[in-house]
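Just the heavy atoms: all of them, side chains too, but no hydrogens, waters or symmetry mates, feed the values below. Letters A, B, ... are given to chains in the order of the sequence lines, protein chains preceding strands, and every chain is numbered from 1.
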Protein chains: 2
Amino acid sequence: MSDQDTNLTPEAFTDRQKAVLDCALQLLVEGGEKALTTAAIARAAGCSKESLYKWFGDRDGLLTAIVARQASKVRAPEALNGPFSRETLTRELYQFAENLLQVISSDVSLALNRLAIGQASRGDATLGQLLLKRGRGRIGAQTTLLLKEAMAQGYLKQSDAGSAYDVLYGLVLKDLHVRLLLGDQLKKAEQDYAAAGKQAVDDFMKLYAASTE
Amino acid sequence: MSDQDTNLTPEAFTDRQKAVLDCALQLLVEGGEKALTTAAIARAAGCSKESLYKWFGDRDGLLTAIVARQASKVRAPEALNGPFSRETLTRELYQFAENLLQVISSDVSLALNRLAIGQASRGDATLGQLLLKRGRGRIGAQTTLLLKEAMAQGYLKQSDAGSAYDVLYGLVLKDLHVRLLLGDQLKKAEQDYAAAGKQAVDDFMKLYAASTE
DNA sequence: CAAAATCAGTACCGTACGGTACGGTTCTTG
DNA sequence: CAAGAACCGTACCGTACGGTACTGATTTTG
């Protein structure tokens with residue numbers, strides 16, 4: 001009852017198909033799922049509906065392809081190999097927090113998440129799983145490794161790195177993600193992602209920094 | 001360009017109309033927005049489509065009425081008046097955290113949030129604003145008052161109570177709300193809301209407890 | 001009790017969308 | 001250059017939904 005051979009991984013899309021998916025994504029960002037009709041995609045991408053169905057099967061396959069393509073663009077941050085200084089750790093975390101805030105609040109991310117949530121409301125969590133695995137999962141895994149390494153080097157308290165990452169995530173985003181998904185407008189001060197991220201990381205370090213002695 | 005006289009506040013619904021809205025909500029919870037057609041509501045509620053349009057104007061008005069009705073059921077927790085002990089504070093916060101987790105993960109809450117997010121994806125944030133104001137806002141305001149009072153009584157560091165509440169909120173929910181909206185299944189351990197809430201509040205207290213001396 | 005309002009049930013209309021079929025054009029390939 | 005595949009553009013079909021109109025029954029009201 002799970003994803004068996006839905007072959008989401010291959011993504012053997014031709015350049016033409018990728019261009020079509022990018023067009024479709026733009027439509028999605030601009031007008032929401034409602035605007036993402038097969039006719040509109042065909043018109044915007046300059047291809048025929050018949051080709052869409054030939055390439056992606058049906059509308060659901062098309063939506064999945066859009067998400068898969070975009071998720072494939074997610075670049076996990078470089079893993080630090082070897083020892084690093086405490087300053088490097090905090091700098092990396094600052095970078096992570098600011099980047100996370102930027103990504104989460106981007107039009108593309110919001111549109112994709114809304115699309116997946118809409119599908120989930122119809123009882124199908126395929127897109128949601130895809131987003132969680134390829135999007136949050138990939139970034140999270142890398143940062144979790146960073147935290148684990150920081151624990152090994154004595155900068156952070158020994159504890160479950162996954163839980164620590166969850167705490168960091170919560171401190172950075174708070175209820176911002178859902179508010180944005182709901183269409184709420186951020187106040188000016190809330191849009192200073194660098195400052196907000198720094199504050200969150202500082203809080204995180206208060207909780208997880210190894211006792212200095 | 002905002003909500004002017006959309007008269008969301010009155011909610012002068014007759015008992016009959018409330019019953020219809022409850023029926024509609026049940027449909028929404030069971031089958032998502034897709035299942036929430038006017039015909040389906042009329043059939044489930046045993047009323048005519050004409051009555052639906054007479055009472056609620058159009059489909060959007062019906063959706064708004066559903067959300068408004070449910071939001072009106074939100075009971076803000078009692079405000080503590082007068083001084084209270086530190087134990088009372090932590091007990092209240094534990095209660096708040098567990099309750100928040102339960103509410104956020106409930107089928108009804110998820111369905112309403114998904115509905116509002118779907119509307120937001122079409123560029124209309126009416127339902128989102130309604131949810132934020134009547135749902136999160138009401139609970140949040142009360143707990144923020146509690147935090148402010150705790151600061152006044154010296155249990156918590158003096159700081160902006162609103163920001164402190166945001167931190168608490170983030171620590172309690174982490175990325176759980178969005179994961180649930182995306183249709184992700186919680187692991188067994190994650191469903192122990194009492195334990196998760198306690199952990200979050202303990203973390204919160206580490207950050208905000210007034211230095212004991 | 002009679003006039004008036006309300007409402008359930010149903011039929012109906014226009015539109016929009018997912019999906020398919022087809023003709024004509026361009027591009028590939030031998 | 002010729003045969004064939006790929007594909008664009010469009011037309012088409014069936015269905016489903018939002019919204020309206022009508023009718024007969026029930027309730028309300030004076």
In whole angstroms, the gap separating C1' of dG18(D) from CG of L36(B) amounts to 13 Å
Selection from dA21(C), dA8(C), dG18(D) that lies nearest to any side-chain heavy atom of E50(A): dA21(C)
note: R59(A), atom CZ; dT20(C), atom C1'; distance rounded to Å ~ 17 Å
Atom-pair distance (CZ on F56(B); P on dG19(D)), nearest Å: 14 Å
Donor-acceptor check, side chain of Q191(B) to backbone of K188(B), threshold 3.5 angstrom: yes or no? no
Whole-Å gap separating P (dA5(D)) and NZ (K54(A)): 10 Å
OP1 or OP2 of dT10(C) less than 4.0 angstrom from a side-chain nitrogen or oxygen of S48(B), does that happen here? no
Hey, does the side chain of D184(B) reach the backbone of L180(B) with a donor-acceptor pair shorter than 3.5 angstrom? no
Of R43(A) and T37(B), the one whose closest nucleotide on DNA chain D sits nearer the 5' end is R43(A)
Both W55(B) and T38(A) contact DNA chain C. Taking the nearest nucleotide for each, which residue is further toward the 5' end? W55(B)
Side-chain N,O (S51(A)) to OP1/OP2 (dA6(D)) below 4.0 Å: no
Atom pair distance, as rounded to whole Å: NZ in K34(B) and P in dT15(D): 15 Å
Would you say the ring centroid of F96(A) lies under 6.0 angstrom from that of Y165(A)? yes
Whole angstrom value for the distance that separates P of dC17(C) from OH of Y53(A): 11 Å
Between P of dC17(D) and CG of L63(B), the distance in whole Å: 14 Å
Could you verify whether a donor N or O on one side chain and an acceptor N or O on the other, from D203(A) and Q199(A), lie under 3.5 Å apart? yes
Write down the distance between NZ (K49(B)) and C1' (dC17(D)), rounded to a whole number of angstrom. 7 Å
